**Q** 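Questions regarding the structure given below will be posed in turn.
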Amino acid sequence: TDQFGIQEALSKLGIQEINEGTSTGSNSFANGEIIESYSPVDGTLIAKVKASTQEDYEAAVTKAQEAFKSWRLVPAPKRGEIVRQMGEELRKYKEPLGQLVSYEMGKSLQEGLGEVQEMIDICDFAVGLSRQLYGLTMHSERPMHRMYEQYHPVGVVGIISAFNFPVAVWSWNAMLAWVCGDVCVWKPSEKTPLCGIACQNIIKTVLERNNIPEGVSCLINGRDNGDRMNTDKRLPLVSFTGSTHVGRHVSKTVAERFGNTILELGGNNAIIVSEHADINMVLVGAVFGAVGTAGQRCTTTRRLIVHESVYDKTIEVLKSAYGQLKIGNPLDNNNHVGPLIDKDSVQNYLDAIEKAKQEGGNIIVEGGVMQGEGYESGCYVKPCIIEAKNSFEIVQHETFAPILYVMKYNDLEEAIAMQNDVPQGLSSSIFTSNMREMELFLSHAGSDCGIANVNIGTSGAEIGGAFGGEKETGGGRESGSDAWKAYMRRQTNTINYGSELPLAQGIRFDL
Ligand code: UN1
């Protein structure tokens, strides 16, 4: 029954006691209730994991604080060396970890491996960064004074990640935080606890080998730990990836105690298909964007805004592509679309289709739940396309499922206005070979999103850029560019090397 080698992958990753045990891996802060991890691929109970109690949480944060004291003293490039070794280790485990991501979360094996590749890439990025945590110097207005700024680690960073990128999102945060000198406490999604344990197992060997305290990387499982982190003054930064609904709560709760947040919340991403678009390129970009990860990326293409002159053609091409999509076991490379994460998600998908119909949507490619052999988990759905208006209530919402809304435009400014007219602001793209169109789309009068692309889809951002979005997406930035600054505190230093003490702003104060 294990034709895809899952048992072997699990054992390589140190996940034992499959189906009967109560605790797995090296999660040392776990004495609470049982979280069961079911695979959406075949409905199997993969393993049981113990959640962390209040006492476990306390123990983890105490360990983390203790570890911070020594970790912050390790020179940044030496911390980079540890992260380099983590990248090496992840290279060794790319295959089994990619398999586990695919099996526990349901994305295609190709995407599972791609996710691990993003982890490896961010390690490489972080290693270079460890020698480039630059601050500026500035000229003082006073004689014989020098001013500069430096970046210091903030301390214990809380990471709360989502099921859809169960390993990569953690690594974008953790690898940067580590080279910055911070330590991490990670709460993975309750839907993918084994991915957390697998990562912890991999990281742990590197820490041990280098005599680095375990508290640098603490893993805690269980929903209650989210609010423990949000309200905990010992965590100066909480990085949260998840829904806008929960993100609003995290944002308020952490702000209440003047903590900082990095929020990566919902997206409602559109592709504008211009009359000057290359339709073959649109096809790959839009279809992968809409059905990849079964529509469960925050960067998933949810809306297609198509110029009226190419509308019929685009629909025709999309229909035929959707007709060829293979839905099934994501570990089988022949399939394009795997399952949704669970049955609640299937229900949300069905409800969204129903709502779109009620609001006057016109079904172009019919959806539905897959039945029969291979679909026993009940989580497999058909990607669907609905002709809709941007103003529909349901279109304004992010539904984490493969539903693509299509709509028409006739001038580009109208299309840009539609693309911007949603509460979210994560990713966007235009397909055009017209230079004026692409530049307008990228200009300050163009897309209002954190990510704006030309002739590629809305998903699949590379780690080198800062990742995140505006409005209800939360405003956070992770991963590349200067996103590292959020993991450090800036200190401005003024040094007087003269023998006078002139006051700034020319103020006289004679004694
Ligand atoms: C997410 O869905 O939470 O741009 C992250 C992408 C991936 C990351 C998605 N690199 O699609």
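Position 1 is the first residue of the sequence, and the numbers go up from there. What's counted below: heavy atoms across the whole structure, side chains too, no hydrogens, waters or symmetry copies. All values reported here derive from a predicted model rather than from experimental measurement. Read the numbers this way: they start at 1 and go in the same order the structure lists the ligands and their atoms.
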**Q** Can you tell me which portion of W172 lies within the under-4.0 Å heavy-atom range of ligand 1? Options are side chain, backbone, both, or neither.
**A**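 Side chain only.
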**Q** Just wondering, are more than 12 heavy atoms of other shown residues or ligands nearer than 6.0 Å to CZ in R131?
**A**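 No - once you tally the heavy atoms of other residues, nucleotides and ligands closer than 6.0 Å, there are 12 at most.
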**Q** Hey, can you pull the donor-acceptor pairs under 3.5 Å for the side chains in residues 188-198, sequence neighbours left out?
**A**
unit_1	atom_1	unit_2	atom_2	d
S189	OG	K191	N	3.0
E190	OE2	K187	NZ	2.8
E190	OE2	R223	N	3.1

**Q** Within a 6.0 Å radius of atom NZ on K94, are there more than 12 heavy atoms belonging to other residues, nucleotides or ligands?
**A**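 More than 12 within 6.0 Å, yes.
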**Q** Note the single closest protein heavy atom to atom 11 (O) of ligand 1, along with its residue, its atom name and the distance in Å.
**A**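 Result: T299 OG1, 2.6 Å.
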**Q** Can you tell me which portion of N164 lies within the under-4.0 Å heavy-atom range of ligand 1? Options are side chain, backbone, both, or neither.
**A**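 Under 4.0 Å from ligand 1, N164 contributes side-chain atoms alone.
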**Q** Nearest to atom 6 (C) of ligand 1 by heavy atom, S479, G460, G114, G457: which?
**A**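 Selected option, by shortest heavy-atom distance: G460.
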**Q** Under 6.0 Å from the NE2 atom of H276, do we count more than 12 heavy atoms belonging to anything else shown?
**A**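 Atom NE2 in H276 is packed in, count exceeds 12.
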**Q** Show me which atoms of ligand 1 lie under 4.0 Å from any heavy atom of R297.
**A**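 Selected atoms, number and element: 2 (O), 6 (C), 7 (C), 11 (O).
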**Q** Can you report which non-hydrogen protein atom sits closest to atom 1 (C) of ligand 1, along with the distance?
**A**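 Looking at atom 1 (C) of ligand 1, the protein heavy atom closest to it is C298 SG, 2.8 Å.
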**Q** With a 6.0 Å cut-off (strictly less than), is the heavy-atom count around CD of E462, excluding the residue itself, greater than 12?
**A**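 12 or below, so no.
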**Q** Which atoms of ligand 1 have any heavy atom of E118 under 4.0 Å away?
**A**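 Contacts of ligand 1 toward E118, numbered from 1: 7 (C), 10 (N).
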**Q** Specify side chain, backbone, both or neither for E462, according to which of its non-hydrogen atoms lie closer than 4.0 Å to ligand 1.
**A**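 Neither; nothing of E462 gets under 4.0 Å from ligand 1.
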**Q** Quick one: OG1 on T432 to CG on N455, what's the gap to the nearest 0.5 Å?
**A**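 With rounding to 0.5 Å, OG1 (T432) is 7.0 Å from CG (N455).
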**Q** Can you give each donor-acceptor pair under 3.5 Å made by side-chain atoms of residues 317-329, sequence neighbours left out, with the distance rounded to 0.1 Å?
**A**
unit_1	atom_1	unit_2	atom_2	d
N329	OD1	L331	N	2.8

**Q** Using a strict 4.0 Å cut-off to heavy atoms of F467, name the atoms of ligand 1 that fall inside it.
**A**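 Counting atoms of ligand 1 from 1, those under 4.0 Å from F467 are 4 (O), 5 (C), 9 (C).
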**Q** Anything under 30° is parallel, anything over 60° is perpendicular, the rest tilted; go ahead and classify W170 against W186.
**A**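 It falls in the parallel class, under 30°.
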**Q** What protein heavy atom is closest to atom 9 (C) of ligand 1, reported as residue, atom name and distance in Å?
**A**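 For this ligand atom, the closest protein heavy atom is F165 CE1, 3.5 Å.
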**Q** Could you check atom 4 (O) of ligand 1 against the protein and tell me its nearest heavy-atom contact, residue, atom and distance included?
**A**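 Sorting protein heavy atoms by distance from atom 4 (O) of ligand 1 puts A461 N, 2.7 Å first.
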